[in-house]
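For the single chain, residues carry numbers from 1 onward in sequence order. Remember, it's 1-based here, ligands and their atoms both numbered in the order they're listed.
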Amino acid sequence: MSRDSAEFMPHPDTWTRRDLLDLESLTLDELTTLLDTAFAFKQATDGCRRKLPLLEGKTTSNLFFENSTRTRTSFGLAAKRLGADTVDFTASSSSLSKGETFIDTAKNIEAMNVDVMVMRHHTPGAPHLLADHVDCAVVNAGDGTHEHPTQGLLDIMTIRETRGEVRGLTVALVGDIAHSRTARSNIWGLRKLGAHVIVCGPSTLVSRGWEEFGVEVAYSLDSILPRCDVLNLLRIQFERQYTRPFPSVREYALLYAMNADRMARAKKDILIMAPGPINRGVEITPDVADGPHSVILNQVTNGLAVRMAALWLVAGARDKLRQSICRGPAAHG
Ligand code: NCD
């Protein structure tokens with residue numbers, strides 16, 4: 001592939017959505033476009049040339065109402081790699097503490113000619129509400145326990161990159177499924193691409209109801225382990241829990257932590273993934289997290305490419321929408 005940005009145009013016309021809010025509503029074509037574009041961006045910026053100024057003159061804004069390390073840095077860096085200006089907004093140091101609603105805050109930021117807003121919020125559906133009130137594109141960077149579409153995409157991209165195909169693989173999401181937006185986005189994306197998905201954890205965190213989404217429910221990691229091609233180890237999200245879901249962290253680790261003993265009983269080419277932050281010794285032991293099967297840092301690298309793809313595609317769709325509104329209905333005929 002050419003590294004000249006003038007010639008670099010993967011799938012610009014197959015994407016028409018102004019917003020990326022979830023993986024549930026994406027078609028298989030849209031999902032594939034996002035993944036292919038992310039791969040193309042990764043290849044194009046892999047060498048010594050890091051920048052691809054396709055969004056020069058555009059502005060993106062990170063509106064984070066919840067803590068974040070990887071996602072926020074990655075969206076900021078993705079915008080910069082594409083040549084966009086980017087502004088950061090942190091809820092705790094904003095006028096929200098003076099009583100302003102988040103829609104008013106967002107509209108004020110949009111009034112500064114922002115093209116794409118990236119939002120993380122503790123309330124499920126908050127980015128969808130925002131998208132109804134602004135003209136700029138909106139990207140969901142995690143809404144409560146609902147979805148985290150770019151995390152799902154980067155997880156899938158890492159699986160596809162390492163294994164070539166997602167179809168036919170058995171992927172287990174292990175841990176706090178009840179509170180995980182990463183789990184939901186993975187389930188939607190992986191199922192559309194033909195993977196067999198297992199959700200596994202203590203019954204207080206994994207309900208039988210998940211079967212309705214076409215996934216297998218399991219309570220014993222040891223019993224499913226020999227069948228798994230990929231394990232995605234999810235953090236126990238104590239900050240979202242109102243009661244303790246198990247007697248002790250030690251007991252959880254005994255039953256569900258991926259450790260050397262379990263690695264010895266897993267497939268030889270098993271992939272070990274985690275969205276991060278990881279809690280060493282709880283869902284994964286350090287030797288496994290840092291071991292040869294772990295692709296945890298590859299996930300972070302791919303996150304940058306996925307976010308470049310997401311920003312570029314929604315910004316392009318928003319431009320097309322605005323142009324057609326400016327031209328009026330006659331232009332459509
Ligand atoms: C995830 C999140 O915030 O939902 N992390 C992330 O975005 N890298 C998962 C988590 O916090 O455990």
Engineer: Is the Lys NZ or Arg CZ of R120 less than 6.0 Å from the centre of F64's six-membered ring, within 45° of the axis?
Structural biologist: no

Engineer: Number the atoms of ligand 1 from 1 as they appear, then name those within less than 4.0 Å of a heavy atom of T71, with their elements.
Structural biologist: 6 (C), 7 (O), 8 (N)

Engineer: How close does the nearest protein non-hydrogen atom get to atom 3 (O) of ligand 1, and which residue and atom is it?
Structural biologist: R181 NH2, 3.0 Å

Engineer: Check the orientation of H128 and H146. Use parallel for under 30°, tilted for 30 to 60°, and perpendicular for over 60°.
Structural biologist: tilted

Engineer: Looking only at protein heavy atoms, identify the closest one to atom 12 (O) of ligand 1 and say how far it is in Å.
Structural biologist: R235 NE, 2.7 Å

Engineer: What distance separates E161 CD from L35 CG, expressed to the nearest 0.5 Å?
Structural biologist: 11.0 Å

Engineer: Hey, does P277 sit under 4.0 Å from ligand 1 if you only count heavy atoms?
Structural biologist: yes

Engineer: Identify the protein heavy atom lying closest to atom 7 (O) of ligand 1, giving its residue, its atom name and the separation to 0.1 Å.
Structural biologist: H148 NE2, 2.7 Å

Engineer: Can you tell me how far apart CG (N302) and CG (D155) are? Round to the nearest 0.5 Å.
Structural biologist: 9.5 Å

Engineer: Compute the minimum heavy-atom distance from R120 to ligand 1 and say whether it is under 4.0 Å.
Structural biologist: yes

Engineer: May I ask you to check whether G276 has an N/O atom sitting below 3.5 Å from an N/O atom of ligand 1?
Structural biologist: yes

Engineer: In terms of atom number and element, which parts of ligand 1 are under 4.0 angstrom from non-hydrogen atoms of R70?
Structural biologist: 8 (N)

Engineer: Do F213 and V199 have side chains that get closer than 4.5 Å, going by heavy atoms?
Structural biologist: no

Engineer: Could you walk me through whether N140 and E147 pass side chain to side chain donor-acceptor pair (under 3.5 Å), step by step?
Structural biologist: CA-CA 8 Å; N140 180 4; E147 275 224 41; over 6 Å; no

